[in-house]
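In what follows, a single structure is set out as structure tokens and then discussed.
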Amino acid sequence: AVKSASLITSKQFALCFMKGGGIMSLGGAEPKIQKEPMTFVPLAKPGGWYTVRLLDLRMGGANDADASGSESIGVSQATYNTGKGVIVDSGTTDTYLPTAIASQFKKLFKDLSGVTFSNANIPLTVEQLAHMPDVVFVLQGYDGNPFEVVMPWTSYIDKVGQGKFAFRIYLTEGSGAVLGANFMNGYNVIFDKDQQRVGF
């Protein structure tokens, strides 16, 4: 049997993904890298994945830092939170949303950007990229109030070749959603099993 050295007493770890690298901390989060205090969301289920409650999915103009100009895609909470629910999963590179929201998501995306949402490698101009909307995930906060995690277009669009790009949000989940590493990009995220919560 392997004996624990008891160096870490809490069941917590934190990840901060950023361009060019990142930080992983065990036993808590490193607050020195944060611009503001953590905001916590409770786990919707006591065991298994880090499941959170998604209240709404919104889109806003690029570079809209506080997402004040964002618009809801108009889907009920239940559509997101069925089955396995909405899981925050650092082991998944991209973000996967329910197929049931595809038509509403694509319509609002086209309305805001002028571009047809597709998972194919598509050509985009610099001007088109400048009009890509941020995707805003409205989560149920620890205090019961909504909390927004803004995913800028730079986190969900990858350059894949000369003038070609790929969208790394997929509308393919049968139920629930998987918020992957690109959703967490730019945030210090703590996974706290002890207090059944995730902090951003």
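If you read the sequence from its start, that first residue is 1, and numbering goes on from there.
Atom CZ of F200 is separated from atom CE of M38 by 9.0 Å, given to the nearest 0.5 angstrom. Rounding to the nearest 0.5 angstrom, the gap separating the CG atom in L55 from the CD atom in Q140 is 5.5 Å. In this structure, NZ in K11 is found 13.5 Å from CD in Q195, a value given to the nearest 0.5 Å. With rounding to the nearest 0.5 Å, the separation of CE in M59 from CD1 in I73 is 6.0 Å. Interatomic distance, I169 CD1 to W153 CH2, rounded to the nearest 0.5 Å: 13.0 Å. Annotation: the span from F147 atom CZ to T39 atom OG1 amounts to 4.5 Å, rounded to 0.5 Å.
No continuous path of ILVMFWY side-chain contacts below 4.5 Å connects V198 to I87, so the two sit in separate hydrophobic clusters. Hydrophobic clustering (side-chain heavy atoms under 4.5 Å, transitive across Ile, Leu, Val, Met, Phe, Trp, Tyr) groups V86 together with F191. Taken together through direct or relayed side-chain contacts under 4.5 Å among Ile, Leu, Val, Met, Phe, Trp and Tyr, V189 and L26 form part of one hydrophobic cluster. No path of Ile, Leu, Val, Met, Phe, Trp and Tyr side chains, each step under 4.5 Å between heavy atoms, connects Y50 with I190, placing them in separate hydrophobic clusters. In the hydrophobic clustering of ILVMFWY residues, with side-chain heavy atoms under 4.5 Å counting as a link, L108 and M151 come out together.
Taking each heavy atom of G199 and F40 in turn, the nearest pair found is CA-CD2, 3.5 Å. The two residues V41 and L139 make their nearest non-hydrogen contact at CG1-CB, 3.9 Å. Among all heavy-atom pairs drawn from T99 and L171, the shortest one is OG1-O, 3.3 Å. Residues V138 and P146 share a closest heavy-atom pair of CG1-CB, 3.6 Å. In terms of heavy atoms, A181 sits closest to S90 at CB-O, 4.2 Å. Of all non-hydrogen atoms in L112 and G60, the two that sit nearest each other are CD1-N, 4.4 Å.
Between the side chain of N119 and the backbone N or O of R168, no donor-acceptor pair lies under 3.5 Å. Remark: side-chain polar atoms of N121 are not paired, donor with acceptor, to backbone N or O of A166 under 3.5 angstrom. When atom types are taken as modelled, the side chain of N81 and the backbone of L54 share a donor-acceptor pair closer than 3.5 angstrom. Put simply, the side chain of Y80 never gets that close to the backbone of L97: no donor and acceptor are under 3.5 Å apart.
Side chains of M184 and L179 form no contact here, defined as non-hydrogen atoms less than 4.5 Å apart. With contacts defined as side-chain heavy-atom distances shorter than 4.5 Å, the pair F137/T95 qualifies. Contact annotation: the side chain of L43 never approaches that of T51 to less than 4.5 Å [non-hydrogen atoms, C-beta and beyond]. Proximity of K193 to Q196: side-chain heavy atoms (C-beta onward) are separated by under 4.5 Å at one or more points.
Every pair passing ring pair (Phe, Tyr, Trp, His ring centres under 6.0 Å) that includes a residue from residues 86-127 is listed here, sequence neighbours excluded: Y96-Y170, F105-F117, F109-F117, F109-F167, F117-F167. Residue pairs meeting the salt bridge (charged side-chain N to carboxylate O under 4.0 Å, His left out) criterion with at least one partner in residues 89-109, sequence neighbours excluded, are K107-D111.
Test S70, P152, S113 against P133 for side chain to side chain contact (heavy atoms under 4.5 Å, CB included) and you get one pass: S113.
Applying the side-chain contact (heavy atoms from CB on, under 4.5 Å) test to N145 and every residue at least two apart in sequence or in another chain returns D143.
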- Item | Audit row: F183, V149, side chain to side chain contact (heavy atoms under 4.5 Å, CB included) steps and yes/no | CA-CA 8 Å; F183 161 80; V149 177; 3.5 Å; yes
- Task: Report the C-alpha separation of K84 and V178 in whole Å, then their side-chain angles, then the decisive distance to 0.1 Å, and conclude whether the side chain to side chain contact (heavy atoms under 4.5 Å, CB included) test is met.
- Result: CA-CA 9 Å; K84 70 179 172 302; V178 180; 3.8 Å; yes
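Around the NZ atom of K45, the shell of radius 6.0 Å holds more than 12 heavy atoms that belong to other residues, nucleotides or ligands.
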